[in-house]
Number of protein chains: 2
Amino acid sequence: MGLAKTEMFTDEQNKISLFAKVFGHPARVAILQHLFKIDACICGDLVNEIGLAQPTISQHLKELKNLGLIKGNVEGTSVCYCIDKDNWSSMKDIMLKFLNQDIPNTNCC
Amino acid sequence: MGLAKTEMFTDEQNKISLFAKVFGHPARVAILQHLFKIDACICGDLVNEIGLAQPTISQHLKELKNLGLIKGNVEGTSVCYCIDKDNWSSMKDIMLKFLNQDIPNTNCC
DNA sequence: ATATATTATCGTAATATTGCAATGAAACAA
DNA sequence: TTGTTTCATTGCAATATTACGATAATATAT
């Protein structure tokens, strides 16, 4: 299979899992952390920063762009990537709600 | 390949991606939400609650247990699952730090 | 026009993930 | 003991993910 049965889950559950999935690879985590650290757009040098081949980085960037977490502006021959503030915030709201669920006061475990 | 090159990333980046990966499937999100909602241990009925076959649920539970996010106590013929508070909190710290990174004030995008 | 630089896409190989039927293991009941 | 219940494990098929070489596409420079 390898195919999640998304139709049996809520939109919220599917959304959470889609965001989580994109964070489920260290290269994409590293890309995002770098974009935050640089505190500005970054044109190029992501391939040097992360240690993967250019097509691999390009593919990871595409997935981040597909979810709307980053955007890329073309600047001459290079592309300038940065965090999409609004979409990052919406994503954060959803993920925080999930992570901040009250921890049950279980009396049996 | 299908194999992440974890050795080129920091421990933190790998940790974040491992936690995120386990949240990257709606069934596991649903299981965790149910454990939070019940606000107690749950013995059985996860298979009825989620709509997947018993071996499938068992496999998802195993992954959550491997990461330490839940624990299971055997009670007679059934097993009682609940959130592992301490580990959930540590996970939350790591994920919140990642999600709460300051949004760059980009002036180019 | 030709060359250079940067990023995207295609194609492919290796590995991982998902789901479930079949089966096993363990505790309990009659 | 025999049956029942509950959960775990095995084995397998279908699909997804990861990585990268080769190549295309685009813009700029000479």
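Just so it is clear: chains get the letters A, B, ... in the order the sequence lines come, proteins before strands, and each one is counted from 1.
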> Does B/His60 have a side-chain nitrogen or oxygen under 4.0 Å from the phosphate oxygens OP1 or OP2 of C/dG19?
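It does, given that an N or O in the side chain of B/His60 lies less than 4.0 Å from OP1 or OP2 of C/dG19.
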> Verify the neighbour count for atom CG of B/Asn100: are there more than 12 heavy atoms of other residues, nucleotides or ligands below 6.0 Å?
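More than 12 within 6.0 Å, yes.
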> To the nearest Å, give me how far apart CG (B/Asn48) and C1' (D/dT5) are.
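One finds 13 Å between C1' of D/dT5 and CG of B/Asn48, rounded.
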> Closest heavy-atom contact between A/Trp88 and B/Phe98?
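What the structure gives for the nearest pair is CZ2-O, 4.0 Å.
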> Could you tell me the separation between the CD1 atom of A/Ile70 and the P atom of C/dA8, rounded to a whole number of Å?
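Value for this atom pair: 9 Å.
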> Atom NZ of B/Lys62 to atom C1' of C/dA25: distance rounded to whole Å?
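Rounded to the whole Å, the gap is 14 Å.
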> Just checking B/Leu52: base, sugar-phosphate only, or nothing, at a heavy-atom cut-off of under 4.0 Å?
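Sugar-phosphate: the residue B/Leu52, judged by heavy atoms under 4.0 Å, touches backbone atoms but no base.
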> D/dA19 P sits how many Å from A/Arg28 CZ, rounded?
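Taking CZ of A/Arg28 and P of D/dA19, I get 8 Å after rounding.
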> For the pair made of NE2 in B/His25 and P in D/dT15, what is the distance, rounded to whole Å?
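Those two atoms, NE2 and P, are 15 Å apart.
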> Where the side chain of B/Thr77 is concerned, which of C/dA27, C/dA5, D/dC20 is the nearest nucleotide?
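Ranking C/dA27, C/dA5, D/dC20 by closest atom to the B/Thr77 side chain puts C/dA27 first.
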> Any side-chain N or O of A/Lys21 below 4.0 angstrom from OP1/OP2 of C/dT17?
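Answer is no, no contact under 4.0 Å.
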> Do any side-chain nitrogens or oxygens of B/Tyr81 fall under 4.0 Å of OP1 or OP2 in D/dT6?
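Result: no.
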> What is the distance, to the nearest angstrom, from the CD atom on B/Gln59 to the C1' atom on C/dA16?
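Value for this atom pair: 12 Å.
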> Round to the nearest Å and state the distance from A/Asp45 atom CG to C/dT7 atom C1'.
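Rounding to the nearest Å, CG of A/Asp45 and C1' of C/dT7 are 13 Å apart.
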> Please state whether the phosphate of D/dA8, meaning OP1 or OP2, lies under 4.0 angstrom from any side-chain nitrogen or oxygen of B/Ser58.
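Indeed, a polar side-chain atom of B/Ser58 lies that close.
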> Would you compute the distance between atom NZ of A/Lys21 and atom OG of B/Ser17 and round it to the nearest 0.5 angstrom?
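Output value for this atom pair is 14.5 Å.
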> Are A/Thr56 and D/dA19 close enough that a side-chain N or O sits under 4.0 Å from OP1 or OP2?
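No, because none of the side-chain N or O atoms of A/Thr56 sits under 4.0 Å from OP1 or OP2 of D/dA19.
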> Give the rounded distance in Å between these two atoms: CG of A/Leu64 and C1' of C/dA8.
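Spelled out: CG on A/Leu64 to C1' on C/dA8 is 15 Å.
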> Is the shortest heavy-atom distance from the side chain of B/Met91 to the side chain of B/Phe23 under 4.5 Å?
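The answer is yes, as the side chains (C-beta and beyond) meet within the 4.5 Å cut-off.
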